[in-house]
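We name chains A, B, ... by the order of the sequence lines, and we start the count at 1 in each one.
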Protein chains: 2
Amino acid sequence: MRLLPHPATEDIELTEVLRALSDPVRLQIAIRLALAGELNCTTAADDLGVHKSTASHHYRALREAGVVVTKQEGRLKYMSLRRADLDVRFPGLLDAILRSANRPSGRTASAHRAAAGGPEEQVAREQVTERADARA
Amino acid sequence: MRLLPHPATEDIELTEVLRALSDPVRLQIAIRLALAGELNCTTAADDLGVHKSTASHHYRALREAGVVVTKQEGRLKYMSLRRADLDVRFPGLLDAILRSANRPSGRTASAHRAAAGGPEEQVAREQVTERADARA
DNA sequence: CCTATAGTTGGATCGTTGTCAAACAATGAG
DNA sequence: CTCATTGTTTGACAACGATCCAACTATAGG
């Protein structure tokens, strides 16, 4: 069993963690790892609609940011979240992100209900008070 | 008083928030806003070593990601964090990030002590178990 | 009206990133 | 050894992003 190189806990940078998780594909991988504990590369990116080489780049991005560790067993590589390390370095951060990621994207259920009964495109409106036509 | 356009609370995307805060300059601006509550643009980016137009682009990035609101009063524009909105959308996320941002970057105090007494460059070592020369 | 202040916009540049495809490497199975 | 499986590397390319500079807009104050 081998571990691939990854940054020491103290070297994990907040901006790099945020950046790593700011990509939808990588965030999805992280979510799956959080649920499964450990996944091999093929499984982790399955049905994500990206080429395997693209996925491989994402694995590296996650690893170099300090978000995951990769260990090789036989011909498979397994990734897992560095939950403990991240919690030492940035207490509560990973949990907050994962919890946020499991929220409904876009409209809430109540907003959906309101939108269903009301006029269309009400949903796409922006929040602007006093002079909705304000220019930047 | 005018508010500049910004996304509705339900439209704030996690990946965009993470992306917005994954830039050191923008993260620093967010930290200052968290401390000061409200800052005008000049003050927010003061001593950050970026051109005022660069700063302006960052303001827009933060605003479009849903992290800040900007209101104009007279000839000044004031930014503030959308704490309440973000907490509705992603409970605990912003606090976790801001708390993480206030942690010491790089080595801990104890690691600094150890590094000061030991051989140099020990500090830059990576965590690799079993085969430190493992290739990716 | 003129000027100074505050901030935005647009162009140019330059590095980074996400993507795919094809070639490669390493491993386990037959 | 040969082959299929797993994943990485490399190259190419388009898109994006951070930055600076210059020009612009808008507002307040003489």
Side-chain angles (χ1 to χ4, degrees), chain A residues 1-6 13 15-30 33 38-46 48-65 67-80 131 133-136, chain B residues 1-6 13 15-29 33 38-65 67-80 131 133-136:
Chain A
M1 193 272 279
R2 285 169 278 183
L3 278 193
L4 269 54
H6 56 285
E13 294 280 352
T15 50
E16 291 177 23
V17 172
L18 297 181
R19 173 138 200 351
L21 296 175
S22 73
D23 180 276
V25 173
R26 288 194 292 262
L27 181 60
Q28 192 57 47
I29 291 174
L33 291 177
E38 197 171 74
L39 290 175
N40 66 64
C41 296
T42 303
T43 308
D46 207 28
L48 257 53
V50 293
H51 196 276
K52 64 174 183 172
S53 65
T54 302
S56 183
H57 286 307
H58 286 312
Y59 306 148
R60 182 155 60 100
L62 287 168
R63 193 176 61 240
E64 292 181 346
V67 178
V68 306
V69 275
T70 306
K71 71 175 166 189
Q72 180 158 5
E73 278 177 33
R75 71 180 152 173
L76 296 187
K77 292 185 177 178
Y78 293 92
M79 282 180 299
S80 53
R131 294 195 47 165
D133 59 339
R135 303 284 299 130
Chain B
M1 193 270 279
R2 284 169 278 185
L3 279 195
L4 268 54
H6 56 287
E13 293 280 352
T15 50
E16 291 178 21
V17 172
L18 297 180
R19 170 131 205 355
L21 296 176
S22 72
D23 180 276
V25 173
R26 288 193 294 260
L27 181 60
Q28 191 58 45
I29 291 173
L33 291 177
E38 195 172 75
L39 290 175
N40 67 65
C41 296
T42 303
T43 307
D46 207 27
D47 298 319
L48 256 52
V50 293
H51 196 277
K52 65 172 183 172
S53 66
T54 302
S56 183
H57 287 307
H58 285 311
Y59 305 148
R60 185 154 58 101
L62 288 168
R63 194 176 60 240
E64 292 181 345
V67 177
V68 306
V69 273
T70 307
K71 71 176 167 191
Q72 180 157 6
E73 276 177 33
R75 72 180 150 175
L76 296 187
K77 291 184 178 181
Y78 293 92
M79 281 181 300
S80 52
R131 297 196 45 167
D133 60 338
R135 301 285 298 129

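- For the side chain to side chain donor-acceptor pair (under 3.5 Å) test, residues two or more places apart in sequence or in another chain that qualify with Asn40(A) are Thr43(A).
- If you measure from atom CD of Gln72(B) to atom C1' of dA26(D), you get 7 Å, rounded to the nearest angstrom.
- Residues that satisfy the side chain to side chain donor-acceptor pair (under 3.5 Å) test with Glu38(B), not counting sequence neighbours, are Lys71(B).
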Scoring nucleotides 15-22 of chain C by protein non-hydrogen atoms under 4.0 Å (B base, S sugar-phosphate only, - none) yields --SSBBBB
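- In this structure, the NZ atom of Lys71(A) is 18 Å from the P atom of dT6(D), given to the nearest Å.
- For dT27(D), one of the phosphate oxygens OP1 or OP2 lies less than 4.0 angstrom from a side-chain nitrogen or oxygen of Arg2(B).
- The two residues Thr15(B) and Leu21(A) come nearest to each other via the heavy atoms CG2-O, 4.2 Å.
- Rounded to an integer number of Å, the gap from OH of Tyr59(B) to C1' of dA18(D) is 15 Å.
- The CG-P distance, from Asn40(B) to dA6(C), rounds to 8 Å in whole Å.
- Across Ala44(B) and Met79(B), no two heavy atoms sit closer than the pair CB-CE, 3.6 Å.
- Smallest separation of non-hydrogen atoms from Arg63(B) and Leu4(B): NH1-CD2, 3.5 Å.
- Taking atom CZ of residue Arg75(B) and atom P of nucleotide dA6(C), one finds them 6 Å apart after rounding to whole Å.
- With Arg19(B) contributing its side chain and Ser22(A) its backbone, the two residues share no donor-acceptor pair below 3.5 Å.
- Comparing dA6(C), dT27(D), dA4(D) by their closest approach to the side chain of Leu76(B) singles out dA6(C).
- Atoms NZ (Lys77(B)) and P (dT27(D)) sit 9 Å apart, rounded to a whole Å.
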